[in-house]
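Values in this document were obtained by computation on a predicted structure and should not be read as measured data. Each ligand, and each atom within it, is numbered from 1 in the order the structure gives. Counting begins at 1 with the first residue of the sequence.
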Amino acid sequence: MSKAEAHSAAPAHAGLAPACGLRHAAIIMDGNGRWAARRNLPRFVGHKQGVEAVRTTVRAARDMGLEALTLYAFSSENWKRPEDEVSDLMGLLRHFIRADVDEFIANNVRLKIIGNYRVLAPDLVEMIDDIVERTAHNSGTTLVIALNYGAQDELVRATRALAAAAARGEVNADAIEAAHIDAMLDTSDLPPLDLLIRTSGEQRLSNFLLWQAAYAELYFTDTLWPDFDGNSLAEAFQSYATRERRFGGR
Ligand code: IPE
Ligand code: IPE
Ligand code: MG
């Protein structure tokens with residue numbers, strides 16, 4: 001391959017994330033159902049197309065040099081959906097993990113789960129634990145999938161753990177600070193959240209990363225999740241690059 005060819009084959013927006021000072025982005029992937037409804041298709045087709053958008057977005061994030069990408073895949077409230085939709089979503093998840101494990105390994109992607117995923121079907125839990133372990137030493141992008149995740153549930157679990165530590169005398173209740181809570185959250189080993197994206201035009205957090213989003217920049221797009229791609233991600237990153245983060249200072 002000539003030098004020119006090598007250049008043209010380089011991924012679009014390579015290195016964009018560090019160039020924007022962005023380490024950790026999260027996405028509320030919303031709008032699969034509306035994407036399908038607009039085409040008179042069953043919701044399942046929207047979810048299936050949503051998985052394709054996950055693949056495209058993970059590849060783009062990796063090419064852009066993002067350290068951590070957190071995707072809201074199934075909330076602790078999504079159990080309220082009809083049983084067949086829940087089962088479709090779990091089936092797609094199972095298929096995604098099985099089909100993409102080799103790509104994660106080949107591309108140095110580390111997989112991490114946040115949320116109370118241990119209550120999912122035992123075969124799924126086993127599959128997840130296996131791939132998490134097999135990618136644990138990968139040093140590229142960390143792909144964080146939020147499964148049966150709710151920020152309030154995460155904070156309840158953290159509070160229980162801290163209360164138990166206090167009862168054992170390991171921590172003094174009066175000395176508990178934000179850092180103790182941080183350390184008990186599912187995200188404790190991730191860089192601070194810089195950017196939170198929500199697709200489909202909705203402007204709410206739906207119980208996602210409430211603590212971690214304290215000073216994150218928010219980005220809302222009307223694009224429905226199945227239509228989201230590398231260019232959409234680059235647009236969000238470019239918007240982030242124009243923000244002035246103050247953290248309460250001036
Ligand atoms: C997001 O799309 C996928 C999940 C929540 C799992 P939705 O299924 O919420 O799609 P809309 O919001 O009904 O369009
Ligand atoms: C948030 O989307 C959850 C995920 C994207 C997994 P929802 O579609 O469930 O949120 P609401 O119900 O519109 O707030
Ligand atoms: Mg929705």
(request) Flag yes if Leu124 and Val54 sit in one hydrophobic cluster, no otherwise; membership is Ile, Leu, Val, Met, Phe, Trp, Tyr, and two members link when side-chain heavy atoms are under 4.5 Å apart. (result) yes
(message) Give me the nearest non-hydrogen protein atom to atom 6 (C) of ligand 1 as residue plus atom name, then the distance to 0.1 Å.
(response) Ala73 O, 3.4 Å
(message) Does any N or O of ligand 1 fall below 3.5 Å from an N or O anywhere on Leu89, backbone included?
(response) no
(message) Please identify which of these residues, Glu77, Glu85, Glu83, meets the side-chain hydrogen bond (donor to acceptor under 3.5 Å, both in side chains) condition with Arg81.
(response) Glu85
(request) Kindly work out whether a path of hydrophobic side-chain contacts (I/L/V/M/F/W/Y, heavy atoms less than 4.5 Å apart) joins Phe220 to Phe228. (result) no
(request) Among all protein heavy atoms, pick out the one at the shortest distance from atom 10 (O) of ligand 1; state its residue, atom name and that distance to 0.1 Å. (result) Gly33 N, 2.9 Å
(message) Among all protein heavy atoms in this structure, tell me which lies nearest to atom 2 (O) of ligand 2, with the distance rounded to 0.1 Å.
(response) Arg198 NH2, 3.6 Å
(message) Report the atom name of the nearest N/O/S atom of Asp30 relative to the Mg ion (ligand 3).
(response) OD1
(message) Looking at non-hydrogen atoms alone, which of Arg81, Met29, Glu202 comes nearest to atom 7 (P) of ligand 2?
(response) Arg81
(message) If the cut-off is 4.0 Å to any non-hydrogen atom of His47, which atoms of ligand 1 fall inside it?
(response) 3 (C), 8 (O)
(message) Would you say the Mg ion (ligand 3) has Glu202 as a near neighbour, meaning an N/O/S atom of that residue under 2.8 Å away?
(response) no
(request) Compute the ring centroids of Tyr149 and Phe208, then answer whether they are less than 6.0 Å apart. (result) yes
(message) To check your reading of the model: name the closest protein heavy atom to atom 3 (C) of ligand 1, its residue, and the distance in Å.
(response) Asn32 ND2, 3.5 Å
(request) Measure Ser75 to ligand 1 on non-hydrogen atoms and call it side chain, backbone, both or neither using the 4.0 Å cut-off. (result) neither
(message) Looking only at distances, can you tell me whether any N or O atom of Trp35, backbone or side chain, sits closer than 3.5 Å to an N or O atom of ligand 1?
(response) no
(request) Using the six-membered ring of Trp35, assess whether NZ or CZ of Arg39 lies under 6.0 Å from its centre and within 45 degrees of the ring axis. (result) yes
(request) For atom 14 (O) of ligand 2, grab the closest protein heavy atom and report residue, atom and distance to one decimal in Å. (result) Ser206 OG, 2.6 Å
(request) Please confirm whether Asn78 comes within less than 3.5 Å of ligand 1 when only nitrogen or oxygen atoms on both sides are compared. (result) no
(message) Could you identify the single nearest non-hydrogen protein atom to atom 13 (O) of ligand 2 and state the distance to 0.1 Å?
(response) Arg204 NH2, 2.8 Å
(message) For Leu111, is there any backbone N or O sitting under 3.5 Å from a side-chain donor or acceptor partner on Thr135?
(response) yes
(request) Answer yes when Arg118 and Asp129 have at least one side-chain N-carboxylate O distance shorter than 4.0 Å, and no when they do not. (result) yes
(message) At less than 4.0 angstrom from any non-hydrogen atom of Phe74, what atoms of ligand 2 do you find?
(response) 6 (C)
(request) Could you verify whether a donor N or O on one side chain and an acceptor N or O on the other, from Asn78 and Tyr72, lie under 3.5 Å apart? (result) no
(request) State if Ser200 counts as touching ligand 1 under the rule of any non-hydrogen atom under 4.0 Å. (result) no
(message) For Gln212 and Glu154, which I'm curious about, is there any donor-acceptor pair between the side chains at under 3.5 Å?
(response) yes
(message) Side-chain heavy atoms nearer than 4.5 Å, only ILVMFWY residues, links allowed to pass through others: does that put Phe74 and Met127 together?
(response) yes
